Amino acid sequence: MSQRRKQFPFDEFEPRWQQHWEENKTFHAPNPGEQSFDPEKPKFYALDMFPYPSGSGLHVGHPEGYTATDIISRYKRMNGFNVLHPMGWDSFGLPAEQHAIKTGEHPRINTENNVNNFRRQLKSLGFAYDWDREIATTDPEYVKWTQWIFLQLYHSYVCEETGKARPISELEEKGLSREEIDAKRLAFVANTPVNWSPDLGTVLANEEVEEWRSKGHTVERRPLRQWMLRITAFADRLIDDLDDLDWPEGIKNLQRNWIGRSEGAEVDFTIAGEKVTVFTTRPDTLFGATYMVLAPEHPLVDKITTDEQKSAVEEYRKVCASKSDLQRTELATEKTGIFTGGTAINPVNEQEIPVWIADYVMMGYGTGAIMAVPAHDERDFEFAEKFEIPVIEVVKAPAGNTDTCFCGNGSAVNSGFLDGLATPEAKEKITGWLEEKGLGKKTINYKLRDWLFSRQRYWGEPFPIIWKDGNHYGIDESELPLLAPPLEDYKPTGKPEAILAKAKEWVELEDGSVRETNTMPQWAGSCWYYLRYCDARNENEFISKEAEEYWLSGNGKAGGVDLYIGGTEHAVLHLLYARFWHKVLFDLGYLKTPEPFHKLVNQGLIMGEDGQKMSKSRGNVVNPDEVVDLYGADSLRLYEMFMGPLEQVKPWSMKGVEGVYRFLGRVWRLVHESDQEGNWQLRSALVDAKPDKATNKVVHATIKKVGEDIENLRFNTAISQMMECSNELGKLEKLPVSSVALLLQVLNPFAPHITEELYGVLKKNFKDLPDSDLSSQTWPEYKEAYLVEDEIEMVIQVNGKVRDRMTVSKDAPKEEVEKLAMQSEKAQNFFEGNTVRKVIVVPGRLVNIVAN
RNA sequence: GCCGGUGUGGUGGAAUUGGUAGACACGCGGGAUUCAAAAUCCCGUUCCUUCGGGAGUGCGGGUUCGAUUCCCGCCGCCGGUACCA
C-alpha cells in the first residue's frame, strides 16, 4: 500500500487547510463582549469528554465521538449557530505520578509532553475546535478555580427545609457552635472505614474500588481521617432531575441504581433490654419475622452472645473479617451464620425470636441489622431452610402464583390487625401503628455513600485548607492557586499518610498552623471543565455571568450543554459527580440551570480487527497517526462514522477505511482528471450548465437526507447517501458544476479538507460560485419540487407476494391503479381460478390482490 | 438473579406511524484497460431450485390482506450490577 500512488494528494492539502483554519481562527466562538459577538445568533454547545493524555497517545476510539461532535458543530455553524466546540485535558492522574516516582522528574513535565502529543494528533484530524479555549486541569489557573469551588463546598451546608445548598454564614448567624457547623458542611472531615490500597499508597472512593481491584491492586478497609463531600444530601434531586434529561434510559437507570433509593421503615426490636433498629422495605411482613440477623461487625454482638455460643461466634467473626468484601460476595454460594444465643422481642406481637449473625447482612447498609422474614424473602428463606428456622406465611400470593418463596405484593394473612389488607395498604397501616407507638418510623435508605474526596497522592489539587489547634480552616481566596512544591522523591510513604507530608517547609506555616496534605481525586477537575470552557481565560471568576447566561442557557431545557458525547465508562462516576457540583453551584446562585448536560450520547466501543477489545497486550491497537499517514484525516473521519451507528460496538477494519478512501478518490475525480504525465487537472466533463431532472433529484435528496441524518446522529446512512450521489454524478458525461458544489458542501462537515480543496479549484474556474470557503457558507436548502417524480413504480402482490411491477403516474387514482394491477398477466397467473376477495392499494407503494 | 442493549447475506451494516428485505460498503467471482501489475471502470454476488418457482431477518406461537417492524413465550451474545434487607 505504501508503494501505491495516492488517489489524491491528501498529505499536501490536509496540513495546509489545518494551518489555514488555525491562522484565521475560523472556528473561534466569540463570547459576549467580544467584538465579533452577535447576540442575535443562537448558541450551540457541543461537548466531548476530554481525554486523559496518556503516554501512548490517541487510539482510534477517541476520534469516534470527537468526529461526531465535529460534524454536528460544523453543520450547526453552517446553519447560523454560534458553536462552542472546545477541547482540553484531564491531566491529573496516576501514570504521570508513577513516571515521576521512577525518574524523579516533576509530573508536570511528563504531563506536558503527553498533552503536546495529543494536541498534535487531534490537530492532524482537522477538528473545528476553538483552541483559544483549551484548558488542562493541571494548569495553575485551572487549579485555582477547582480549589475555589472546593471552598464553596466547604463553606456551604444543605438546608433541611429546602434541600438546597446555602452559605455556612447563615448557621453562624444562628449561633451554631463550631462542632455543629462542621457536622453540616458539604465538605467535611470524617473518621470512617475507608478503602486503603497499600500498593497504590492512597485511599479510594467506593465507586473506584472495583476498577483498581480488577487491575490487580489490593484494597483493604481501615478507619482513617478523610475529607468527604456530602453528595447524599442531593440523592433525591440527583434521581428526580434525571427525568428532565435527554439521556439514554440505560444510563439513567445506572444512576438510579447506584443511588439506590429504597423506601421502607425502621423498626425497633429489643434485645436484652437494648433497642435494636432494623431497616425493612416490607414492614407489612413484620408478623412473619421468625429470627433476626446482625452483621458480624455489629457492635451489639458481644453484648448479646451467650457464653456457650461465644467461641463459635468469635470463630465466625474472625473468618468474616479475613474475607474481603469481594470474596464475601463472590463465595456466597451458600448462606453461613451462627446463632448468638440471644433473643429479640418482635414489637408487633411481643414474640421472642432468635438472633443470629451472618455475613449476608452488611454493616454498611441500613442499620446493619435485619428482621428475617423467610416466607417472603429469598435470602432469608434460603437461610431458614439451612438452619431449620420456622417459616410463617404472612402474605397470601395472588391466585395462580407458584413461587416457593413469594416476594411480591399480595394480601396480609396471619398478621393480626393487618389481615386482609393489600400489601401497599398493609405497609401504610403498620408504619402508622409503629409511629404511633414510638416503635419505628417511615425511612428512606440509599446505597449512595458520601463521596470520599481525599487522596494521598502528589499529582492532584492540594486542599486549600490549613489546620490549627485541631480545627480546619479554608485559606483565603487570594492565596489561590495553592500548588504543591516539587519534591526530591515522589515515592509513596507506605503509610496511610499523604506524600505531601514530606514537604515539611510547605506544610508547616509560621504561625504554627499546618497545611492539609491530602490532595483531591482526579474527578475534581472533570466536575466543572464544561463550565470553564465558556470563559476559559477569565482571571477574576470561574465563569462570568454573561458567558454563563449565554452558553449555558438551557433555552427551556434542564441543562446548558446541548450535546455531550463520550463513553459509557463514565455513566456513573463522572456524570454523577459533575451533576452534584453543578447543583451546589446552582443553589448558591452561580449557575442558572439545575443540570449540566441536557443531551447525552454514548459512543460504542471500537473493537480491534480481531473482534476483541483493543489493548496493548493483544497487539490490536490501531493508532490514528498510521491511518492518517496512509489514507489521510478525511478518510479516518469518514470511516469512523461509516462503520455503523454511533452508539453501537463495532470492529475496526482497514479494508473499510480503504472503502471510504476510494469514495473520496471518486469525489476527487469528479473535479480532476489525470493528464499524460499523471498530473491532476480540471476535469473536462465539468460544465457551467443547469442540471437535468435526475441530477437535481439525487442531489437534493442527498441534501435532505444528510441534513436529517446529522440532526439524528445517523452519520453512517448520511455517508451512504453521499456515496450514491457521487456515483450518480460520476456517470454523467456533462457534469454541472453547481451539483458538484452542493455535494461538496454537504460532505464538508464530514471531510472538511478535501471538500474545501476541491471547492477552491471549482471557484477558481467557475466564477459564478460564491467566493468563500465552504466553512463560511450556509447549509444548502433542498427543493421539495425536485424530489417528486411524475411516474412511480408500484409493486403488484398476490396474497402478499410480489408478482409484478408497473409504472404509473404519481397522481393516478386508486381505481385506475387497481385496474392496472388486475390486468397484469404475471399476477393473473397466480389468482386465476380463485376468487378475488379484496384488493388493497397502498398509494405510491403497492397493490395487494387477495384471492383464494 | 436483576437492569440495559442486541440478534438481518461470507463481513460491517440498511429498511420500523406494519407495505418491494439485504441500500451503501467490504470480500469474492467474471470482464475491460495494461507487455504485465497496481490503480481505475463495468457486470454479478441471501440460500435452494427440476428455472415454473420455493424458503428466508435467533427460535416457537399470535394479530394482519401484508410482520425485520406489533403482541405472547423462549434462546444466544454484549455491557453493567449484585446477599442493599
Side-chain angles (χ1 to χ4, degrees), chain A residues 1 3-7 210 248-254 256-258 260-262 264 278-282 285 293 295 328-330 332-333 335 358-362 364-373 376-380 382-383 445-448 568-569 571-572 602 604-605 607 611 613 639 642-645 647-660 662-663 665-666 669 674 714 716-724 727 730-731 793-805 829-830 837-852:
Chain A
M1 172 66 216
Q3 306 299 324
R4 194 193 296 167
R5 182 180 176 225
K6 292 186 169 65
Q7 292 213 11
E210 273 324 302
E249 209 43 50
I251 302 293
K252 288 190 184 182
N253 269 329
L254 281 178
R256 288 191 192 106
N257 291 341
W258 191 266
R261 178 189 158 107
S262 55
V278 303
F279 173 73
T280 177
T281 53
R282 293 296 300 270
T285 62
V293 186
R328 200 156 139 173
T329 50
E330 260 188 3
T333 44
K335 295 274 177 295
D359 66 359
Y360 80 93
V361 174
M362 306 284 144
Y365 181 78
T367 60
I370 63 159
M371 61 177 220
V373 184
H376 306 292
D377 181 285
E378 277 176 26
R379 292 152 302 167
D380 297 346
E382 204 185 310
F383 191 86
N445 241 304
Y446 301 91
K447 278 196 263 184
L448 183 71
T568 350
E569 66 273 20
V572 223
N602 289 121
L605 213 57
M607 309 299 268
K613 206 169 162 172
Y639 176 64
F642 187 60
M643 291 174 84
E647 282 150 281
Q648 201 167 297
V649 178
K650 37 207 179 283
W652 185 265
S653 156
M654 275 301 180
K655 288 285 184 194
V657 184
E658 276 188 55
V660 296
R662 278 203 279 268
F663 160 62
R666 284 195 292 274
R669 294 191 304 275
S674 182
R714 291 190 307 231
N716 53 333
T717 49
I719 294 167
S720 59
Q721 177 67 39
M722 291 187 282
M723 285 173 167
E724 278 181 74
N727 287 345
K731 286 176 195 161
E793 190 188 65
M794 284 183 76
V795 154
I796 304 169
Q797 294 183 335
V798 177
N799 292 331
K801 286 191 171 146
V802 180
R803 298 304 180 186
D804 200 5
R805 284 150 213 274
N829 290 336
F830 288 90
R837 302 288 171 190
K838 61 174 144 175
V839 179
I840 289 141
V841 180
V842 183
R845 293 200 180 266
L846 55 76
V847 180
N848 189 10
I849 301 161
V850 185
N852 56 22

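First the proteins, then the strands, lettered A, B, ... as listed; each starts at 1. Predicted, not measured: the structure shown is a model, and the values here were computed from it. In what follows, every heavy atom counts, from backbone to side chain, and hydrogens, waters and symmetry copies are set aside.
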Heavy atoms only, 4.0 Å cut-off, all strands: where does A:S653 land among base, sugar-phosphate and nothing?
nothing

Do the side-chain N or O atoms of A:N727 get closer than 4.0 angstrom to the phosphate oxygens (OP1, OP2) of B:A25?
yes

On RNA chain B, nearest-nucleotide positions of A:K731 versus A:K650: which is more 5'?
A:K650

Closest to the 5' end of RNA chain B, once A:P645 and A:G368 are matched to their nearest nucleotides, is A:P645

A:N716 vs B:A14: side-chain N/O to OP1/OP2 distance below 4.0 Å
yes

If you look at every strand shown and take non-hydrogen atoms under 4.0 Å, does A:F642 touch a base, only sugar-phosphate, or nothing?
base

Side-chain N or O of A:R256 less than 4.0 angstrom from OP1 or OP2 on B:G80?
no

What nucleic acid atoms does A:V795 come within less than 4.0 Å of, heavy atoms only: base, sugar-phosphate, or nothing?
base

Does A:Q7 make a side-chain N or O approach to OP1 or OP2 of B:U40 shorter than 4.0 Å?
yes

Distance between the P atoms of B:A32 and B:A38, in whole angstroms?
14 Å

Just by distance, no angles: are the side chains of A:Q7 and A:R666 close enough, under 3.5 Å, to form a donor-acceptor pair?
no

If the cut-off is 4.0 Å, is A:Q648 near the phosphate of B:G5, judged by side-chain N/O to OP1 or OP2?
no

With rounding to whole Å, what would you report as the distance between B:G54 and B:C3 at their C1' atoms?
43 Å

Looking at A:R379, does any N or O in its side chain come under 4.0 Å of the phosphate oxygens OP1/OP2 on B:C84?
yes

Do any side-chain nitrogens or oxygens of A:R803 fall under 4.0 Å of OP1 or OP2 in B:G54?
yes

Could you give the CZ-to-C1' distance, from A:R282 to B:C84, as a whole number of Å?
16 Å

Check whether any side-chain nitrogen or oxygen of A:K801 sits under 4.0 Å from OP1 or OP2 of B:A55, and answer yes or no.
yes

Are any of A:R662's side-chain N or O atoms less than 4.0 Å away from OP1 or OP2 of B:C26?
yes

N or O in side chain of A:K838 less than 4.0 angstrom from B:C65 OP1/OP2:
yes

